[in-house]
Protein chains: 2
Amino acid sequence: MEEFAAVSGISRPTVSKYFNDPDSVRLSTRKKIEAALERYEYRPNIFAVNQNRKLTKTIGIVVPYLADPFFGELARNLEFYCVEAGFRPRLFSSQGQQDLENEALSSLQALKPAGVLLAPLGRKSDISAIEKFCQNVPTVLFDSNLPDVRQAYIGSNNSQFADLIVEYLCETGEPPCFFEMKTPANPNANRRRQGYVQAMERLGHEPCIVQAEGEGWDFEEISRREGARALQAKQFKTSTVLCSNDRMAIGLLTACYELNLGAGRGVNDDIRIAGQDNHPFSRYTCPPLTTVSQDYEAISKNAVNLLLYAINGGAYRQESQLYDGKLIIRQSA
Amino acid sequence: MEEFAAVSGISRPTVSKYFNDPDSVRLSTRKKIEAALERYEYRPNIFAVNQNRKLTKTIGIVVPYLADPFFGELARNLEFYCVEAGFRPRLFSSQGQQDLENEALSSLQALKPAGVLLAPLGRKSDISAIEKFCQNVPTVLFDSNLPDVRQAYIGSNNSQFADLIVEYLCETGEPPCFFEMKTPANPNANRRRQGYVQAMERLGHEPCIVQAEGEGWDFEEISRREGARALQAKQFKTSTVLCSNDRMAIGLLTACYELNLGAGRGVNDDIRIAGQDNHPFSRYTCPPLTTVSQDYEAISKNAVNLLLYAINGGAYRQESQLYDGKLIIRQSA
DNA sequence: GTGAAAATTTTGCGCGCGTAAAGTTTTAAA
DNA sequence: TTTAAAACTTTACGCGCGCAAAATTTTCAC
């Protein structure tokens, strides 16, 4: 910057000011800088900038597993709203591992971000590390809440999800069984199960829960394998299955195909399958998946908004918003 | 670090040395530092570290579109091999936009990475920007080559892909038509088309190519819409369709479902559909997708290895490796 | 032409570290 | 015990920039 300022015929601090806000310098100066800029292609080093700035324009986004298109989509939305607000998003993925989640937070601390949007691993998260982090950096949790941390949270109203789709399924056919992971990664799954049970009881049906053994993020495979086992063992007491999430539903659809069971809501079909989330791929399964859509727009928009509020000094720790899902009726149920 | 060195009873440069290589200090010193570390939780600021180091331990990974699970999976593999080699990977996504690709490269320059693994946007890439970048930073291209840049490249032998699956499809049924985007994002698509044409001619069949109109990364939707149109207009001259990639195949499967066409290789099925890539979801489509698998392992492993070779001063610019695909036979064809 | 406000420059310090050179202490071998 | 090597500390400077205060210049209205 020193050298660039010299060839521009301007002092370094003025050039620095220009890069902070081009309108903050005299027009003639600005033109001199921009003329030099065309000839010399100088750009400030963003990390050196951040090191000194009190308030950075960086927002960190941390998701638990980026190879899951659900988080890819969510991250894309969040990035969009961050850019729109004039911030630079920086994306991290925990890849399902606690040490990587901690490392992401540690990297972020070093970046001095204005704020952080964190979708924690859940059960695998290092609660105390996250707690400490939140004390230093304005943080909004999303997707998965960490009740112990008592931090601002934006997410879905998971009990409403199950309520909504159980009601639909009961109205249009046999009441659904519930298919989930035995040891789910985050508390959403628990709330969905509870929502299912309550909705079933409210409608006068007996709940039927089937749980899949397995660890990790390979939901489709676990669900395909365990789903096939459950189907063969006739563990689903009705011909309708509500899955805890779309990825499990996708795996179960595959299991049905392989067992020669027709999935769908047609009169000739053997089993109805529904999911939850409106995963990017749920539109393209065969049959297309009936599901409850998360309000991606509202969640990402309001997560960013709440974070901006926090960045500007608002009292945000107690804030928490849950958004209702919308029923997406497709052919699978 | 100053303060932490003080409470450790050690000088700052020694502490710095410790963090660079814990074995480079005397054992008694090391224990003193590690004892203090347990009580005070100090960690060096990675960005400040990078600013001064001549050789950083950071490797940049840039992919064109992270919401595509194909790249999510590839990135996950690359990250793994980077970590294994003792480097810290940092992931960027261009989200299909040229300005974001340039910004990622600019951010990376500021990070002084030891090297960069770049999957360029392709047609949308800013060639001159990438050329300049490659002159300053050891860079290995992957997934999609940029012939003009004449840079080291690790990828798949795309003409072999088509050759392999065309032969299989011809042996087991009607010769395939080819379904692709009209304006594909990268040169792989062209090579796949050429491979298809050559294989067809070699086997004495007339090629039949159907192209889908549409821009962007929403391949499934484009393929579903345009695929349905082509099916209704009977543009596929045989009952077998080879798609340029798995995501298009997934969209086409959905189109078939919606048109009540049975997809698969069963005797009662109407149409056989195959893809290319072995996309993470291709296992779970209904029917599961027959495809040619990219050698994810070999590509990511060797891309990292070549980059490490370059980082250590090897002459790598001319290096270029293409890996053969493997036929994955499932139920769709 | 005068004066005050606005813009800019100068000066100086700081961020959180790496690193090189010179001086000091510790260690291990002779 | 002596001695040299190894490890360590001290000192000093640098990375690429932000930022604040004081000094200077420019601008503009009167």
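Quick caveat: nothing in here was measured; it's all calculated off a predicted structure. Within every chain, numbering begins at 1; the chains are lettered A, B, ... in the order of the sequence lines, protein sequences first and strands thereafter.
- Among the nucleotides D:dT9, D:dC17, C:dG16, the one closest to any side-chain atom of A:Asn45 is D:dC17.
- Of all non-hydrogen atoms in B:Leu121 and B:Gly96, the two that sit nearest each other are CD2-CA, 3.5 Å.
- Closest contact between the side chain of A:Ala48 and the listed nucleotides D:dC17, D:dG18, D:dC15 involves D:dC17.
- Side-chain atoms of B:Asn20 lie closest to C:dT19 of the nucleotides C:dT19, D:dC19, C:dC17.
- In this entry the distance linking CD of A:Gln51 with C1' of D:dG14 reads 13 Å, nearest Å.
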Between N or O atoms, less than 3.5 Å apart, protein on one side and nucleotides 21-29 of chain C on the other: list the pairs.
residue, atom, partner, partner atom, Å
C:dT26, O3', B:Arg26, NH1, 3.3

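- Which of D:dC17, C:dC17, C:dT9 sits closest to the side chain of A:Met1 comes down to D:dC17.
- Tested against A:Glu34 for a salt bridge (Lys or Arg N to Asp or Glu O under 4.0 Å), the candidates A:Lys31, A:Lys32, A:Arg30 yield a single pass: A:Arg30.
- The listed nucleotides are D:dC17, D:dT11, C:dT10; the one nearest the side chain of A:Val49 is D:dC17.
- Residues A:Ser93 and A:Val63 are in side-chain contact: their nearest non-hydrogen atoms beyond the backbone lie under 4.5 Å apart.
- Atom CG of A:Asn50 is separated from atom P of C:dC15 by 16 Å (rounded to the nearest Å).
- Every pair tested for ring-ring contact (aromatic ring centres under 6.0 Å, His included) that includes a residue from residues 106-154 of chain B fails, sequence neighbours excluded, so the list is empty.
- The distance between atom CD1 of A:Ile10 and atom C1' of C:dT10, rounded to the nearest whole Å, is 15 Å.
- Residue A:Glu3 qualifies as open at atom CD: its count of foreign heavy atoms under 6.0 Å is 12 or below.
- Following rounding to the nearest Å, A:Tyr18 (OH) and D:dC19 (P) show an atom-to-atom distance of 17 Å.
- You'll find a donor-acceptor pair under 3.5 Å spanning the side chain of A:Arg12 and the base of D:dG18, going by distance alone.
- Rounded to an integer number of Å, the gap from CG of A:Asp21 to C1' of D:dG18 is 15 Å.
- B:Thr29 has a side-chain polar atom (N or O) that falls below the 4.0 Å cut-off from OP1 or OP2 of D:dC8.
- Checked against C:dC15, D:dT10, C:dT11, the side chain of B:Ser11 finds its nearest nucleotide in D:dT10.
- Between A:Arg30 atom CZ and D:dT27 atom C1' there is a gap of 19 Å when expressed in whole angstrom units.
- Put simply, CG on B:Asn52 is 11 Å from C1' on D:dC13, counting in whole angstrom units.
- Here the side chains of B:Thr58 and B:Lys112 are not in contact, with every heavy-atom distance at 4.5 Å or above.
- Under the ring-ring contact (aromatic ring centres under 6.0 Å, His included) criterion, the residue pairs touching residues 22-65 of chain B are A:Phe47-B:Phe47, B:Phe4-B:Tyr42, B:Phe19-B:Tyr42, B:Tyr65-B:Trp217, with sequence neighbours excluded.
- Shown for residues 107-116 of chain A: no residue has heavy atoms falling under 4.0 angstrom of DNA chain D.
- Among C:dG16, D:dG18, D:dT10, the nucleotide with an atom closest to any side-chain atom of A:Ser16 is D:dG18.
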*Please walk me through it: do B:Ser107 and A:Arg90 pass side chain to side chain donor-acceptor pair (under 3.5 Å)?*
CA-CA 11 Å; B:Ser107 266; A:Arg90 199 149 300 275; 3.2 Å; yes
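- If you check every strand for non-hydrogen atoms under 4.0 Å, B:Tyr42 touches sugar and phosphate atoms only.
- Listed by chain and number, the residues in a ring-ring contact (aromatic ring centres under 6.0 Å, His included) with B:Tyr296 are B:Phe70 (sequence neighbours excluded).
- One atom, NZ of B:Lys57, and another, C1' of C:dC17, lie 18 Å apart when rounded to the nearest Å.
- Nearest-nucleotide positions on DNA chain D for B:Pro13 and A:Arg53 put B:Pro13 closer to the 5' end.
- Legend: ring-ring contact (aromatic ring centres under 6.0 Å, His included) pairs involving residues 75-131 of chain A, not counting sequence neighbours: none detected.
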